[in-house]
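Comments concern the structure below.
Sequence lines set the chain letters: A, B, ... in the order given, protein chains first and strands last, and positions in each chain run from 1. In what follows, every heavy atom counts, from backbone to side chain, and hydrogens, waters and symmetry copies are set aside.
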Amino acid sequence: MALQIYNTLHRRKEPFRPIEPGKIRMYVCGITVYDYCHIGHARVMVCFDAIVRYLRSQGWDVTYVRNITDIDDKILNRASENGEPFDALTARMIDAMHADERALGVLPPDIEPRATGHIDDILDMIGTLVDGHYAYAADNGDVYYRVRRFPDYGKLSGKNPDELLAGARVDPDAAKEDPRDFALWKSAALGTVGWPSPWGWGRPGWHIECSAMSTCHLGATFDIHGGGPDLPFPHHENEIAQSEAATGKPYVHCWMHAGPVRVDDEKMSKSLGNFFTIREVLEKYNPEVVRFFLLSSHYRSPINYSEANLREAKAGLDGLYFAIRGKIGRDTSVAIAPFAVEEMRGNAYFQRFVQAMEDDFNTREAITLMQELAGSINHCARAGEDWSQQVRVLVGIGATLGILQQDPEDYFKTCVGQGGLTAGGSALVGFESGLTVDQLITERNQARANRNFASADAIRDQLKAAGIVLEDSGKETRWRRE
RNA sequence: GGCUGGAUGGCAGAGUGGUCAUGUAGCGGACUGCAACUCCGCGUACGCCGGUUCGAUUCCGACUCCAGCCUCCA
């Protein structure tokens with residue numbers, strides 16, 4: 001089955017046709033770095049990360065660009081509130097973003113361009129637009145895009161330009177010829193943050209940077225442009241207008257947009273203030289659980305961030321790790337390397353996985369079949385049948401989604417919160433006696449050997465209260481965190 | 001008001017013109033000193049009204065409700 005992707009531009013799934021055989025050039029709108037990344041950012045990062053991992057596993061030569069917006073009014077305002085230079089703020093937030101990404105298992109994009117690193121490209125594109133009368137310098141020193149000059153305006157978001165005019169929410173700036181026009185260049189007072197330009201000292205508008213950076217790194221026309229759910233209008237609509245007017249070529253073949261994240265069934269937004277940062281979320285949940293949660297719905301569906309849903313995600317991922325526990329990893333005598341993709345081709349589960357992913361990246365279906373595979377492994381293990389092939393396929397599929405790659409014992413022992421994204425050792429966090437779990441297990445097993453079950457159960461309860469579950473299997477006692 | 005997309009079992013969430021989603025929670029049983037893990041079994045799901053069809057949750061139309069965007073936001 002050939003790859004099908006839902007294209008926002010045409011509002012339907014379409015067979016994917018690369019511009020250049022075997023290659024995919026892809027740009028995803030990244031973060032404006034004035035604050036910590038929130039769970040909505042995490043969804044975009046994780047979904048496109050899984051998509052790119054999958055595409056590469058199928059042999060596509062993907063060039064993945066995701067930008068950083070590091071100059072913008074929000075950044076300037078926040079820096080001024082903090083009383084620090086804007087680039088000190090952005091440097092700090094970029095570091096934090098990279099740390100969040102690493103925690104969530106998000107691989108870095110191939111190219112991560114920054115707006116401030118492309119001022120010349122931005123200026124060039126604005127110049128081209130002004131020369132072509134697609135843009136004009138206003139009396140206030142700003143340069144605006146002339147929306148009326150671009151007949152296709154609205155084709156991505158399905159908006160009628162005339163109705164936009166009637167719409168009450170466009171900014172009726174006196175300097176603009178038309179309320180729909182948007183800023184390409186914002187003038188700024190000398191001595192404030194800015195760059196010289198033919199139109200005076202200033203800084204770029206929000207939309208132009210993506211047009212300039214994507215064209216610079218991927219060419220005038222490229223395959224896929226992605227982003228969050230609030231981007232089709234106006235951001236991507238404006239990108240199309242700028243780029244197609246400037247280059248005279250079609251901008252993007254396929255537009256992909258992730259669905260929104262809700263919080264406890266309410267819209268999450270900056271203005272409502274009900275958003276959670278990634279680091280807040282990781283105080284409460286294992287990062288891999290968060291990734292699993294994000295992938296357990298289709299990327300275009302709305303998802304609801306809630307305690308109950310995260311708990312369920314944990315139970316789901318636990319189930320996968322239980323299935324491979326004791327069968328793979330450094331604590332087992334059986335060292336099993338996951339299958340390479342080519343080895344998995346003949347496997348029925350893997351074929352279902354490919355089929356699900358080729359159908360607009362249906363990661364929910366992919367996870368479902370991983371769960372079925374886990375069930376089959378458990379069944380085989382109980383029946384004394386060979387499970388080794390299935391385990392390798394399960395872990396191989398997991399690799400393609402960026403999950404299930406930890407040693408199961410590390411996963412089960414990872415201590416969440418308390419500032420730690422670290423796998424817990426045997427030290428018992430929050431336990432006053434200073435005893436380790438292993439010491440208590442030894443003590444309890446002595447009690448069990450003496451059939452002193454009251455003491456044994458007291459230790460079990462004590463550990464349970466500290467969030468640690470003991471599991472007696474054969475002669476061995478293992479532990480994990482709840 | 002305009003533009004999109006939805007409505008599936010307690011919950012989450014795929015999918016399909018006609019015998020099964022799956023997971024999770026719950027219940028019963030097996031296993032276990034007690035547990036955990038695991039296994040086996042159970043529960044008459046497809047918003048509402050029409051239409052097409054031998055047959056619709058799945059296709060078509062109306063209706064109701066919900067969400068996202070139209071304003072900073074991924």
Residue pair A:H207, A:H236: steps toward the ring pair (Phe, Tyr, Trp, His ring centres under 6.0 Å) verdict: CA-CA 8 Å; A:H207 314 294; A:H236 290 159; 9.4 Å; no
Applying salt bridge (Lys or Arg N to Asp or Glu O under 4.0 Å) to A:E482 and A:K314, what does each step give before you reach the verdict? CA-CA 10 Å; A:E482 270 182 314; A:K314 180 187 184 305; over 6 Å; no
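Distances shorter than 4.0 Å separate some side-chain N or O of A:S297 from OP1 or OP2 on B:G13. The side chain of A:K270 places no N or O atom within less than 4.0 Å of a non-bridging phosphate oxygen (OP1 or OP2) of B:U71. Within the structure, a side-chain polar atom (N or O) of A:N378 is placed less than 4.0 Å from OP1 or OP2 of B:C39. Side-chain N/O atoms of A:K464 include none lying less than 4.0 angstrom from OP1 or OP2 on B:A35. Contact check, A:T477 against B:A36: no side-chain N or O comes under 4.0 Å of OP1 or OP2. In terms of phosphate contacts, A:H257 brings no side-chain nitrogen or oxygen within less than 4.0 Å of OP1 or OP2 of B:U4. A sub-4.0 Å separation between OP1 or OP2 of B:G33 and a side-chain N or O of A:R460 is absent.
Straight-line distance between the C1' atoms of B:G68 and B:A74: roughly 13 Å, to the nearest whole Å. For the P atoms, the distance from B:G26 to B:C37 is 11 Å, rounded to whole Å. Atom name C1', nucleotides B:C20 and B:C63: the rounded distance is 33 Å, in whole Å. Comparing B:G51 with B:C39, their P atoms sit 47 Å apart, to the nearest whole Å. With C1' as the reference atom, B:U22 and B:A45 are 14 Å apart, rounded to whole Å. Atom name C1', nucleotides B:U32 and B:A12: the rounded distance is 31 Å, in whole Å. Atom C1' of B:U64 sits at a distance of 49 Å from the matching atom of B:A30, rounded to the whole Å.
Backbone-only contact: A:G158 has heavy atoms under 4.0 Å from sugar-phosphate atoms and none from a base. A:F453 comes within contact range of at least one nucleobase, with a heavy-atom separation under 4.0 Å. Looking at heavy-atom distances under 4.0 Å, A:R311 makes no contact with the nucleic acid at all. When heavy atoms are screened at a 4.0 angstrom cut-off, A:R478 is found touching no nucleic acid atom at all. The residue A:M45 sits apart from the nucleic acid: no heavy atom pair falls under 4.0 Å. Here A:P229 lies in heavy-atom contact (under 4.0 Å) with a base. Note on A:L369: nothing from the nucleic acid sits closer than 4.0 angstrom, heavy atoms only. A:G259 comes within contact range of at least one nucleobase, with a heavy-atom separation under 4.0 Å. A:S157 comes within 4.0 angstrom of the backbone, heavy atoms only, and of no base.
For A:R11 against B:U4, no side-chain N or O and base N or O form a donor-acceptor pair under 3.5 Å. Residue A:R444 places a side-chain atom within donor-acceptor reach of the base of B:G33, judged by atom type and a 3.5 Å distance cut-off alone. Under 3.5 Å, the side chain of A:N362 and the base of B:G15 form no donor-acceptor pair of N or O atoms. Judged by distance alone, with hydrogens and angles left aside, A:S473 brings no side-chain donor or acceptor close enough to the base of B:C37 to form a pair under 3.5 Å.
Of the candidate nucleotides B:C72, B:A36, B:C69, B:C69 has the atom nearest to the side chain of A:K159. The A:Q371 side chain lies nearest to B:U22 when the options are B:U22, B:U38, B:C11.
At distances below 3.5 Å, at least one donor-acceptor pair connects side-chain atoms of A:D360 with backbone N or O atoms of A:Y6. Distance alone, capped at 3.5 Å, is enough to place a donor-acceptor pair between the A:R291 side chain and the A:G105 backbone.
For the pair A:A323 and A:G316, both in contact range of RNA chain B, the more 5′-proximal nearest nucleotide belongs to A:G316. Between A:E372 and A:D472, the residue whose closest nucleotide on RNA chain B is further toward the 5' end is A:E372.
Using the six-membered ring where Trp is involved, A:W255 and A:H257 have ring planes that are parallel, under 30° apart on the 30 and 60° scheme.
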